[in-house]
Structure formats: C-alpha cells, structure tokens
Amino acid sequence: MTSSYPTLTRALAEALVDVLWFIDGSEDEQMDQDDAVKVMEGVGHVVSTLPSDQRQELIALVGEMAAAEGNPARREFLEEFPEGFGLIDDES
C-alpha cells in the first residue's frame, strides 16, 4: 500500500486539520461544546509552543492545503488556522 502523503508531517497535519474541522463544525448533538472547546484550546496550546522552525513548517503545510482546497468554507478555516491556533503571534 502506497501513501498519498509525501511525508509523515503532511499526513499528520492533514489528519489534525480534519479532526479540528469536524469539531469546529459540530453541533451540540454531535459533540459536547465544552469538550470541543477544550480540544481546540489544547491543540492551540500544543502548536503555539512548537519551536519556530516547526511552527513555520506547519504554517507552510496548512498554506499548501488551503491553496489546494476546493471547499470555500474549509479553505477559509485553513487560511485562518495559523492565527487561530497560535502559530502566528498577535504582536504585529
């Protein structure tokens, strides 16, 4: 079986975004909203504490994913991902 992902990092980034996209779009009946917030905040904390080179790599991967995304709502989610999950500092 051959992977459609060029790297493990790309595969994990896509899986992470898929999970977060699902959580972000979940209704109360699908997922407890308090749990959803905890997961989103937890991911935000983890990715915001990555070393600079790893943050830049993830930002680049998410940018590539956004550029290739055909769904406008998901593309917007991807474009907002770096800032929304703390990969980009708000200092500017």
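These numbers come from the heavy atoms of this one structure, side chains and all, not from hydrogens, waters or symmetry mates. Just so you know, these numbers come straight off a predicted model, no measurement behind them. Heads up: numbering here begins at 1 and tracks the sequence.
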Notebook entry, point to check: Same cluster for F77 and V62 if Ile/Leu/Val/Met/Phe/Trp/Tyr side chains link at under 4.5 Å?
Noted result: yes
Notebook entry, point to check: So which heavy atom on A66 is nearest to which on E79, and how close?
Noted result: CB-CG, 4.0 Å
Next item on the list: Examine L16 and L12 and state if one hydrophobic cluster contains both, with Ile, Leu, Val, Met, Phe, Trp and Tyr joined whenever side-chain heavy atoms are less than 4.5 Å apart.
Entry: no
Next item on the list: State, with a plain yes or no, whether a side-chain heavy atom of L20 is found less than 4.5 Å away from one of F81.
Entry: yes
Notebook entry, point to check: How many angstroms lie between atom CZ of F22 and atom CE of M31, to the nearest 0.5 angstrom?
Noted result: 5.5 Å
Item checked: Separation of D35 CG from S26 OG (nearest 0.5 Å) -> 11.0 Å
Next item on the list: Compare all side-chain heavy atoms of V37 with those of E41 and state whether any distance is below 4.5 angstrom.
Entry: yes
Item checked: Closest non-hydrogen atom pair between S48 and G86, with its separation -> CB-O, 3.4 Å
Check: With no hydrogens and no angle check, is any side-chain donor or acceptor of E80 less than 3.5 Å from a backbone partner on L78?
Finding: no
Note to self: I need the Q56 CD to L50 CG distance, nearest 0.5 Å.
What the structure shows: 11.0 Å
Checklist line | Check: A73 main-chain N/O paired with E76 side-chain donor or acceptor under 3.5 Å | finding: no
Notebook entry, point to check: Could you go step by step and tell me if D24 and M40 meet the side chain to side chain contact (heavy atoms under 4.5 Å, CB included) rule?
Noted result: CA-CA 8 Å; D24 188 58; M40 301 286 260; 3.8 Å; yes
Next item on the list: With the side chain counted from C-beta on, respond yes when R75 and N71 share a heavy-atom pair under 4.5 Å apart, and no when they do not.
Entry: no
Checklist line | Hphob cluster co-occupancy, W21 + V39, side-chain heavy atoms under 4.5 angstrom | finding: yes
Check: Is V46 close to F85 at the side-chain level, that is, under 4.5 Å between some pair of heavy atoms?
Finding: no
Notebook entry, point to check: Roughly how far, to the nearest 0.5 Å, is CG of L58 from CG of L87?
Noted result: 5.0 Å
Item checked: Shortest non-hydrogen separation from R55 to V47 and the atoms involved -> CG-O, 3.5 Å
Next item on the list: Just do the salt bridge (charged side-chain N to carboxylate O under 4.0 Å, His left out) check on D18 and R74 with the steps written out, would you?
Entry: CA-CA 10 Å; D18 284 347; R74 186 174 165 99; 2.5 Å; yes
Check: If we only count heavy atoms from C-beta on, is the R10 to M65 side-chain gap below 4.5 Å?
Finding: yes
Next item on the list: Tell me, with the steps shown, if T49 and H45 meet side chain to side chain contact (heavy atoms under 4.5 Å, CB included).
Entry: CA-CA 6 Å; T49 61; H45 172 73; 3.8 Å; yes
